[in-house]
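Just below is one structure, and these are the notes that go with it.
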Amino acid sequence: MKKIIFLNPPLTLKERSGNLSAAAARAIPYGLLSLATVTKNAGYETTLLDATNHGYSCEETIELILKANPDYLGISTVTLSIHTSAALTEELKKKNKDIKVIVGGAHISSAADETMKLFPSFDVGVIGEGEETILELLAAFDQNKPLSTVRGIIYKDGPNIVKTDRRPFIKNLDVLPLPAWDLLHDMTNFYRPSAPSYVRLPATTIVTSRGCPGNCIFCNSKAIFGGLRCFSADYVIRLIQDLTANHGIKDISIYDDNFIFFRERVERICHFIIENKIDLTWSCYSRVDQGDTELFKLMKRAGCWQISYGIESGSQKILNLIRKNVTLERIESTIRATKKAGLRTRGFFIIGHFDETEGTIQETISFMKKIPLDDFHFTTFTPLPGTEAYHIADTYGTFDRTWSKLNLQYPAFIPKGLTPEIIETYSKKAYFSFYFRPRIIASYIGIVFKYPENMKRLLNGLKALLLRIFSQ
Ligand code: B12
């Protein structure tokens with residue numbers, strides 16, 4: 001039986017989350033798990049090696065791979081981890097040149113040609129959704145068929161780099177099996193979402209839709225998954241039943257970019273949870289122009305406790321420039337409706353946009369304090385490969401394109417007229433002035449009273465916050 005290892009590559013907490021490490025997730029590598037489930041079902045001896053979350057170094061990871069001696073190594077990488085993945089496979093190939101290295105994920109899907117040219121140790125790159133492609137690719141290798149017959153890949157053919165036709169997206173996602181959780185080391189107790197994303201343990205993360213209807217200039221979700229598609233309500237219900245009944249999960253963080261877009265689906269899932277009295281708390285992410293109080297109240301009855309929204313900026317001028325396609329009025333009414341239903345609200349903001357000024361940053365800070373948010377998260381504007389922003393960044397400021405620095409915390413892009421120091425000063429000011437308000441402190445105390453086991457995670461959150469505000 002042929003052997004494949006799927007690798008979540010080494011990446012330290014510091015590289016990934018900077019000063020917010022204490023609050024970072026040990027999130028399930030959901031994409032890799034989906035792929036590993038498919039190859040396992042197809043009869044390959046399949047292992048999932050999660051070096052990111054186990055904190056393995058490159059040397060330890062190489063050793064583990066050599067010991068298992070697989071035929072194939074499948075790595076999932078984002079832009080931040082592509083250099084480490086290349087260095088690791090280069091070393092690996094010095095010791096065993098027969099292992100075929102297959103790379104997939106957000107980065108290669110967005111910058112396929114450049115990546116394959118730069119890194120000789122990658123044999124094949126898989127572009128976009130991987131479940132169908134990996135099976136065809138492995139079959140082609142096993143049967144010595146030309147790789148040109150496999151859609152959705154990029155590979156080396158002598159000195160040339162060849163890209164095959166793009167594979168159409170899977171129309172009916174329900175054809176995919178439920179994740180084989182046993183491929184993970186102790187999914188119930190080892191993994192958990194980031195500190196602000198769960199209220200009870202054991203907690204886990206799932207993704208129930210793919211793609212996005214939006215056209216924001218800074219996001220490359222479309223490059224991987226195209227337009228928005230979802231698993232059916234029935235599939236999600238089976239997933240929830242499996243997690244709660246067979247794995248003891250009590251809290252689920254639904255990491256979809258836009259969970260509530262398909263309203264009827266959400267309603268069916270909620271009714272199922274309510275009618276079957278499933279002991280579950282859950283939270284989700286959404287675009288900020290979706291939903292209303294009626295839907296939020298139903299979600300609350302079904303155990304939802306928080307919705308996280310991508311708000312990005314408190315300046316209408318900036319929202320228009322980044323093509324967020326939403327007004328400040330709509331953002332405010334969605335947040336108020338969510339709050340009215342008794343749910344916690346969390347806003348994701350970006351600082352250092354194209355055309356950002358001290359004035360627009362101040363507008364953002366005022367706006368985030370004016371609307372009834374309970375929690376917020378700041379990232380620095382980072383033009384990622386595959387996005388429109390990546391191509392036009394130089395027009396708006398200076399951009400350090402070093403891939404291994406693009407962790408959304410490091411100020412890789414500095415808009416004209418601002419400096420990294422100004423951005424950092426305002427970020428710290430935003431964190432301080434947002435959290436150290438009586439309403440926010442009281443809301444956290446409320447969580448501890450309702451779910452006393454939260455003390456530890458909230459202390460971790462507080463530690464991350466203090467480090468973020470007071471470190472140099
Ligand atoms: C959940 C999530 C997280 C979680 C868990 C990450 C994980 N390892 O799964 C946490 C919070 C930890 C996280 C952290 C980060 N994330 Co994140 N995250 C996501 C999110 C919202 C969903 C990922 C997911 O599970 N999707 C569903 C699965 C099924 O899709 P998938 O993982 O892409 O896998 C499919 C294909 O890509 C492909 N594939 C993937 N890997 C491989 C490997 C092989 C061998 C093959 C054949 C195919 C293949 O096949 C899979 C199945 O179809 C995405 C946005 C999105 N909607 O996808 C961002 C996203 C992946 N994250 C992103 C970023 C930038 C980060 C961070 C750098 C940010 C940060 N500092 O926190 C870190 C990096 C950490 C890391 N090691 O990945 C970017 C990556 C963009 C880029 N070019 O780099 C994305 C695309 C968001 C965005 N739009 O900008 N993230």
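Order of appearance sets the numbers: ligands from 1, and atoms from 1 within every ligand.
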Cation-pi between R265 and Y235: NZ/CZ under 6.0 Å from ring centre and within 45° of the ring axis? no

Electrostatic pair D113:K163 at N-O distance under 4.0 angstrom: yes

Near N407, which atoms of ligand 1 are under 4.0 Å from a heavy atom of that residue? 70 (C), 71 (N)

Heavy atom of S221, distance to ligand 1 below 4.0 Å: yes

Residue selection (non-hydrogen contact nearest atom 36 (C) of ligand 1) among G128, P9, G104, G31: G128

For S81 and ligand 1, answer yes if some heavy atom of the residue is under 4.0 Å from a ligand atom, otherwise no. no

Of C216, G105, S34, A106, the one whose closest heavy atom lies nearest atom 40 (C) of ligand 1 is G105

Does the pair K40/D182 count as a salt bridge with the N-to-O cut at 4.0 Å? yes

R151/E132 salt bridge by N-O under 4.0 Å criterion: no

Is D394 salt-bridged to R401, cutoff N-O under 4.0 Å? yes

Quick look: I75 vs ligand 1, heavy-atom contacts under 4.0 Å, and the answer is backbone

In terms of heavy-atom contacts, does NZ of K429 have more than 12 from other residues, nucleotides or ligands at under 6.0 Å? no

Could you name the option among V207, V126, L138, V124 that has the heavy atom nearest to atom 25 (O) of ligand 1? V207

With only distance considered, is T77 within less than 3.5 Å of ligand 1 through an N or O on each side? no

Option of least heavy-atom distance to atom 1 (C) of ligand 1 (set: F225, Y72, Y390, Y255): Y255

